[in-house]
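Just follow the structure's listing: the first ligand is 1, and inside any ligand the first atom is 1. FYI, the numbering just counts along the sequence from 1.
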Amino acid sequence: MSKRSRVLLGVASLTLLASGCAAERAEGPPAPDVWVEPAAVPDSNPDPRVVEVDLEAREAEKTYLEGKTTTVLAYNGTVPGPLIEANVGDRLIVHFRNSLPEETTIHWHGVRLPNEMDGAPAVQAPIAPGGEFTYEFTLRDAGFYWFHPHVMEEEQIRRGLFGVIRVRGEGEPQADDEKIVVLSDALLREDGRFDDEIDDEIIMMGREGNLLLVNGKVMPALDVQAGALTRLRIVNVANGRFFNLALPGHAFRVIGTDGGLIPKPYDAEKLLVAPGERYDVLLIAQGEPGTELTLTNAPYERGHHTGLAAPMPLATVRIGEGPALSGPARRTLPDSGPAIERLPGGAADTTITFDEAYVGRELKFLVDGKTHPDVPPIHVERGATRVIDLKNDAEMDHPFHLHGFFFQVLARDGVAVADEALANKDTLILPQRSTTTIVARFDEPGHWMYHCHILEHAERGMMGEIVVSP
Ligand code: C2O
Ligand code: CU
């Protein structure tokens, strides 16, 4: 049986089958579900500069399909997990307890921190069932980050172990409203349980679910006010799915990305968000009060004809009566943001090559022709700035993620990117058959991983290490 037919669920509420064919969807519009934001986890520390929280990973039950129970893995019992709220410069202390029946760790995706707090296998032994670990570090950068296990991540993340961190800083834009948008998906069987079967198509593209979820909900309704300035903090936590957001009649004004606000905001008609990436956008809802729009996931060609898929609905956007915002109070979108330090460019002194190949009958994902842990580490002097060519020889895009440091894109296929495109990234799409030149400053010693954030690829070898000398 092919994957396509296997994922077909004959449930009326499942109008959002993500198999890519409109004819396969059930009839009738789904009733919009309520919009739920991840709840902030309580801060138990009275010191205003310290955020101290408890996190527990455990099994929980969730209803994705009417009348069916899905056993998920959850931080503090919810999917998505809770929100950690902090200000830049705060000390974060996380008392973590592993109440799962299996090992885990927490990796703080995008956060610059001391190596021993990174939660990656290069630096932390897995926390056994029943075990505890205290993570503690200072939040150096304002931005929107997320956390997830770095043990069996292909399994644990898709079952629900992900949460978000919002770090506020100086000079944040004034918005009338702000929403968190956690994009994910789930591959479920008709009985509500996760479909764990795996085949070469799933391995190749990363596991894509048959339910598309926004903050853990199918097709929730987002209320915005006409003329008001709405800020969206967006993250894609899916194993393999790329989200390419489109909202009819609107562009997204991108004001920030992985590592915080950018100096030169720009408009995106479609906002492409690869697994692991974040975008910070503003939009002014256009339309008469009472208008309902559909936020969709537009097709995007990331290889293997994925661009031929049908658009898929993600959420309903309902425009409500806005405050009187005419005249001087009229909202406008910002054209500039805070400056960020530009790292020096220059010729690449290192090349990392990504590719995929059958080794015997097994599909492998390669870094410099090898699979992790056989990929030779890259050694860097502490404090050194390195220009690196990231070469993707594969016939599909791979989202590259670097732990512990931000990097900036210098060039695509040898052509310098515009000065305006300056941004601090930790996750970046490497388009198929192309070379992207990046620069990073390695100012924190330790063993830092880099890998493809399609988790099926990372676990099949597409991962390496950068060793920064003490
Ligand atoms: Cu979000 Cu090494 O990962
Ligand atoms: Cu990949």
Any salt bridge linking Glu172 with Arg168? Criterion: basic side-chain nitrogen under 4.0 Å from a carboxylate oxygen.
yes

Using 4.0 Å as the upper bound for N to carboxylate O, is an ion pair formed by Glu178 and Arg233?
yes

Quick check on atom 1 (Cu) of ligand 1: does His109 put an N/O/S atom closer than 2.8 Å to it?
yes

Restricting to N, O or S, what is the name of the atom of His457 that lies nearest the Cu ion (ligand 2)?
ND1

Is His453 close enough to atom 1 (Cu) of ligand 1 to have an N, O or S atom under 2.8 Å?
yes

Quick check: does His401 put an N/O/S atom under 2.8 Å from atom 1 (Cu) of ligand 1?
no

Is Glu154 salt-bridged to Arg158, cutoff N-O under 4.0 Å?
no

Among the N/O/S atoms of His150, select the one at the shortest distance from atom 2 (Cu) of ligand 1 and name it.
NE2

Salt bridge present between Glu136 and Arg91 (N-O < 4.0 angstrom)
yes

Salt-bridge contact Asp280-Arg231 (side-chain N to carboxylate O under 4.0 Å):
yes

What's the atom name of the N, O or S in His398 nearest to the Cu ion (ligand 2)?
ND1

